[in-house]
2 protein chains.
Amino acid sequence: MKRLFNTIDEWKIIQDKIEFEENRLAESIMSIGNGYMGMRGNYEEYYSKDSHRGSYIGGVWYPDKTRVGWWKNGYPNYFGKVPNSVNFIGIDVYINGKILDLGKAEVKDFYRELDMKNGTLTRKFIANIDGYEIEAKVTRFLSIVAKELGVIKYEIKSLNFDGEIMFCPYLDSNVKNEDSNYDETFWVNVSTDSKNNYGNVVAKTKDNPFNTEVFTIASVMNIRFNKETKLNTYSNREYYSDNTLIFDIKESETVAIEKYIAITTTRDYEENKLVEKAEYILNKEINKGYETVLQEQIKAWNKRWETSDIKIDGDDLAQQGIRYNLFQLFSTYYGDDSRLNIGPKGFTGEKYGGATYWDTEAYCLPVYLGTTSKEVSKNLLLYRYNQLEKAKENAQKLGLEGALYPMVTFNGEECHNEWEITFEEIHRNGSIIYAIYNYTNYTGDYEYIKEYGIDVIVEVARFWASRVHLNKRKGLYMIHGVTGPNEYDNNVNNNWYTNYLAKWCLEYAAENIFKLEKECIESVNRNNVSKEEVKMWLNIADKMYLPYDEELDIIVQHDDFLDKEFIKVNDLPKNNLPLNQNWSWDKILRSCFIKQADVLQGIYYFNDKFTFKEKKRNFEFYESYTVHESSLSPSIYSIIACEIDNLDKAYELYSRTARLDLDNYNNDTEDGLHITSMSGAWLSIIQGFAGMRTNNQTLSFNPKLPNKWNSYSFNINYRENKLKIEVNKDGINITNLEGNDIEVNVYDKKYIVKNNEYIAYRYVALS
Amino acid sequence: MKRLFNTIDEWKIIQDKIEFEENRLAESIMSIGNGYMGMRGNYEEYYSKDSHRGSYIGGVWYPDKTRVGWWKNGYPNYFGKVPNSVNFIGIDVYINGKILDLGKAEVKDFYRELDMKNGTLTRKFIANIDGYEIEAKVTRFLSIVAKELGVIKYEIKSLNFDGEIMFCPYLDSNVKNEDSNYDETFWVNVSTDSKNNYGNVVAKTKDNPFNTEVFTIASVMNIRFNKETKLNTYSNREYYSDNTLIFDIKESETVAIEKYIAITTTRDYEENKLVEKAEYILNKEINKGYETVLQEQIKAWNKRWETSDIKIDGDDLAQQGIRYNLFQLFSTYYGDDSRLNIGPKGFTGEKYGGATYWDTEAYCLPVYLGTTSKEVSKNLLLYRYNQLEKAKENAQKLGLEGALYPMVTFNGEECHNEWEITFEEIHRNGSIIYAIYNYTNYTGDYEYIKEYGIDVIVEVARFWASRVHLNKRKGLYMIHGVTGPNEYDNNVNNNWYTNYLAKWCLEYAAENIFKLEKECIESVNRNNVSKEEVKMWLNIADKMYLPYDEELDIIVQHDDFLDKEFIKVNDLPKNNLPLNQNWSWDKILRSCFIKQADVLQGIYYFNDKFTFKEKKRNFEFYESYTVHESSLSPSIYSIIACEIDNLDKAYELYSRTARLDLDNYNNDTEDGLHITSMSGAWLSIIQGFAGMRTNNQTLSFNPKLPNKWNSYSFNINYRENKLKIEVNKDGINITNLEGNDIEVNVYDKKYIVKNNEYIAYRYVALS
């Protein structure tokens, strides 16, 4: 844990001193995005010290040639990467001819705030350059009203001199990825143009030998300012366009420029229309005026918070943490485009590459279900539906039937190339189906299954049916050669979670086919499902081997797992942790230590299938060997800890997930934020402390209050209702803010909450 | 199988037509070497069609930066490669000003022979260039008398014209590896010089960031010729030196030049002495005259054959095959330098990189024990002894005690980087010890253990003791997370072969310590071995888990192996083979198919520990699932097949190993020869058909004769004796060619063979 920003505000991330050593970490934390594009918290002006400049455009990617030591049959040819894209925030500033560089200037009163409530990033500082002192204020936001729009207002006040201020706003597409496999740039110049107060740069991703889409991005800037210029000129060259504006300034006077940028891409428009479209959007927004555009942004963010905010009383760190998580998650994805998904680093870095992991279905979907409209979640499902054909090709490549969704992807093709992950971490396929179940169960939208879902459900069932094998001696179906969610065990046999999920997928497929045979035979026929096939699925499910140890009375993570040497995490010398930085890979693999929820991921998914005692036994066994070296781990454990009334453990685990990046728990936030893990804090509160479940199409709560907290409350969308849930030391209040009367279970008792009324449940005894 | 050369000669490899499509394959097969250096069968003159030009110098290597997709803790920083080195054979030829290029000339009567008996490569052809017809004869050899020396004689006869012949002999260090990770060259020019009939080129391997040795190579050439030149001049530039010699030629006249080359390196001399040393060697040899130098070469090769030849009557293909194997093996290594070892491609290609694999100990050592002096084998052992410190560092890197020898190495540091191999294929460590046992047992040289061997034995025992873990529930020691010799199963638990070998290593260490405590306490003290440590070793050995299946009554390859789906290789559709080209890696891994001897490797090593029935049951079970997709596989199976009297199977498997490269069985000989597998044919005959064993320091034979053969015979060194063994349809004759009377077991009966006498054992019944 390493907390960079110690001033805690419930709605703001506040940096009150300039960072040099930890600048990359600060840049990650101060990232902003609007689902369409985003960037790290870089300075607008030139900065000479260490920095990782990065701007990223959703859905734009480049297939970097695969790099491996030893090729394995089945590896993909390329690794999809998010290319660092046009630097459109750049504004170089000169004070009396000297460049403003916070890496060298004498700086005081540095202050930066990320205003999560309003969706803006503001920076203030006083800088002294050769005796000339200025006060600067810079405001930046990416509009969630007009997604293509970025706005920067850069104000400079002279504190002690009369002289000149020069602004050089620019666009620059000559940018590079820090992680390119062959040190190459991914961009080719198409055209550039500049005029007074105007510039544009059009660049496209390089041609590639893999026949994947090439993307062209146009960036257009317009400059506005508050007083007459002394000089106003421009230039452009390949990849680059800039304006130069010189203003006279008097002591105590402020000069300000506004830079409006619109970014359009061939994802939405023809290449030859890109500049025109961007100009159209720009003009429309600029005509509203800066204040209006800003107020629209604030209003739109406030509206998001109305349905999604979680209030925590008595724990400022937790309060700030959960809002930060939601802010960054929504900045990455808010469901506007079914071609997009939630990359592990969002728009905050370029590590890992790829856009879509199983994180989306396993961890993020519930957040969107609970906090946004149904369509947002549906778009996440459609993303996979639209990639079904690629998933079928992927299975075929491995000699299997049906569909295998990739571990990492942009366009549906696999982008990852470690055999133990790419070929073996196939449980991901189950989460695609679980998400359909989850969505349908939560929203009641069974039409989705008829129209789209069943196609995916059937092809995944076919995958599992071809991926199992019958162990003839034991008369059981087995799944060999897999990697479970715990990636600290590779190429294992009969990972319980994988087998259980596969069994459930097969049963769920059969169940849906039976239902559709009555309700929508077309969706059965469309998929050529025969009675024999369904029978085979059920036969495999029925005889699926699920490792269990009678002596310890626990689920066994996989074959031979209990043959390991067992040491509890607490008994490990502290300097061994994190294992992934201190132990060789083979030592990690043969150890008993667990990276993230594996058996417990299954218990989490299917929480209504296990008794309190089963949960308790398995939690206690597995938790003691879990190192939580995945950012996705603590939230799931926290939820189960709540279920088994271990509230202290639940709170401890919650803390790890809620401030993972703000407190840099994993010591790698400088590379970018853990976007998909941002969902973990929400899950821990809503499904953990509040115990919200939607099993069997029934909304239920089983709330608990961490000792440290006075109360917490949140709003939730459930089907046609909006509910407000408040949990305090006395009990729980549920208010039906919107929608018809609704049945809610609290501590297993049924209540009807009428529209605009509330129920209050008082604790008998605090746990 | 694809046989390129159909004219079979028992002592020669004969190519009687020019190859274009398969030129690389021909180049591999026509490789020559002298243990110090070697090269592929490239033409001396310019050649415009596809070719892989490669010359390699033993012990010279370059650390190429490791390339992986995903870094794992513990990976080495570099991958050691054999750099393609100075092209010293080059002689461009011009006929009346037109370049001689067999890729374009009209060629007839092309003939090339690799004379294995005499160690020479000769080529003849008639070429017509624009109507001018010449006959050429080119002879090349690398001296095994003066290791630094290469000799080429290039003769041209005019068949139909009076005119000019121009020879341009040159040296060229500006060469590139086909497999460099980053497409770079590995050489830097140091100096070049030329004079009349003389040239030299000095180049060094590039500096590297890994602090490994940089090698400088000097190549010096002297040119001799048989008539007056019309022009005799020279030139040189960076990396390059050449002479130009023009001769008048009359119809029917022959002009010939001799190119003598000496190669010296900083492995042997100071950089500033390299040219001088090379010149000294050159002068000495040249003064002898071409004929003498050639005759010395022939005599030296003939001497090698005296002790090592195997004669097979009734099977020309087999006869040629076994000689080719021995010829290429001896061309790669003949024990002159304990810093060298036997690379998998020898001097015939650059694929795989690295010089030393466990192949040396497991497959090659017995050949050298049987055919060369004791010192040759001892040098192979000393190679590992000298790298003990590096092996200790390697174990430490993985968090383990003792010494772990690398999978692939030049200088003792690990060069390979697949986690499942590098970190897990640790059985290699056992073969290092087995080789010590094998050497000592064969030679009776126990002094080696006292002086050197015990240090290695102790450190490897310490490695195993730290690599096992106690399974408390079962009270047994286990070894998790390994890859056995069958690399088609990765990261398995309790690979029987590994566990068995580890147990044996621990027992063998204890046994030697007990012996040394009496005979040489210094070697015990030197290694700080305590009584408690030895007790611990024996305790682990005693409680080592060895998977066995009672129902099938067979050894189990590893935990869960029998849970797989079982399909016999014969029942697989033929187009699935080879699996490594047709199946995805995960499908291979979870299949029952075995790449190479695994359980059977153990039975082979410890053949006196298993009964006939045990061998038969395990052979029959495992052989039916073995695809032999390693060149090292068939020989071991062939030997066990002999032991269980399955002579047809033994012969079938022998055939796969004996002509592996000549018949291009694995369809990859174009990349270079399978040098370490060359030992397989020898093993199959000597240990297989002849059933030679040296268990318990007793020489024994259990000979069988394949149906197709009339007889076979071979010479063998055993301790102080030289024996000749002849096996024919009547029985076996053993002649004691040299040394005292010796006790030999034949079919388990004891005989004394007196000096210069022979025993003849007549079959009672042929098996």
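Numbered from 1 within each chain, the chains take letters A, B, ... in sequence-line order.
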Heavy-atom proximity to chain B below 4.5 Å, by part of A:L476: neither
Could you tell me which non-hydrogen atom of B:R590 sits nearest to which non-hydrogen atom of A:H480, and how far apart they are? CD-O, 3.7 Å
Under 4.5 Å from any heavy atom of chain A - which part of B:I588: neither
Closest approach of B:N73 and A:N580, non-hydrogen atoms and distance? ND2-O, 2.7 Å
Which class fits the ring pair A:W419 and B:W585: parallel under 30°, tilted 30 to 60°, perpendicular over 60°? perpendicular
If you count heavy-atom pairs under 4.5 Å between each of B:E420, B:K587, B:E424 and chain A, which one has the most? B:E420
Which pair of heavy atoms, one from A:K397 and one from B:S584, lies closest together, and at what distance? O-CB, 4.1 Å
Atom pair CG/CG of A:D489 and B:N491 - distance to nearest 0.5 Å: 7.5 Å
State, yes or no, whether a side-chain contact exists between B:D559 and A:D559 at a heavy-atom distance under 4.5 Å. no
What part of A:I479 gets within 4.5 angstrom of chain B, counting heavy atoms only: side chain, backbone, both, or neither? neither
With a 3.5 Å cut-off and no angle check, do the side chains of B:N493 and A:D560 form a donor-acceptor pair? yes
Atom CD1 of B:I426 and atom CG of A:D586: how far apart are they, to the nearest 0.5 Å? 8.0 Å
By a 4.5 Å heavy-atom criterion (distance strictly below it), what part of B:N582 contacts chain A: side chain, backbone, both, or neither? backbone
Structural part of A:L589 lying under 4.5 Å from a heavy atom of chain B: side chain
Checking salt bridge (charged side-chain N to carboxylate O under 4.0 Å, His left out) against B:D563, which of A:K474, A:K472, A:R473 comes through? A:K474
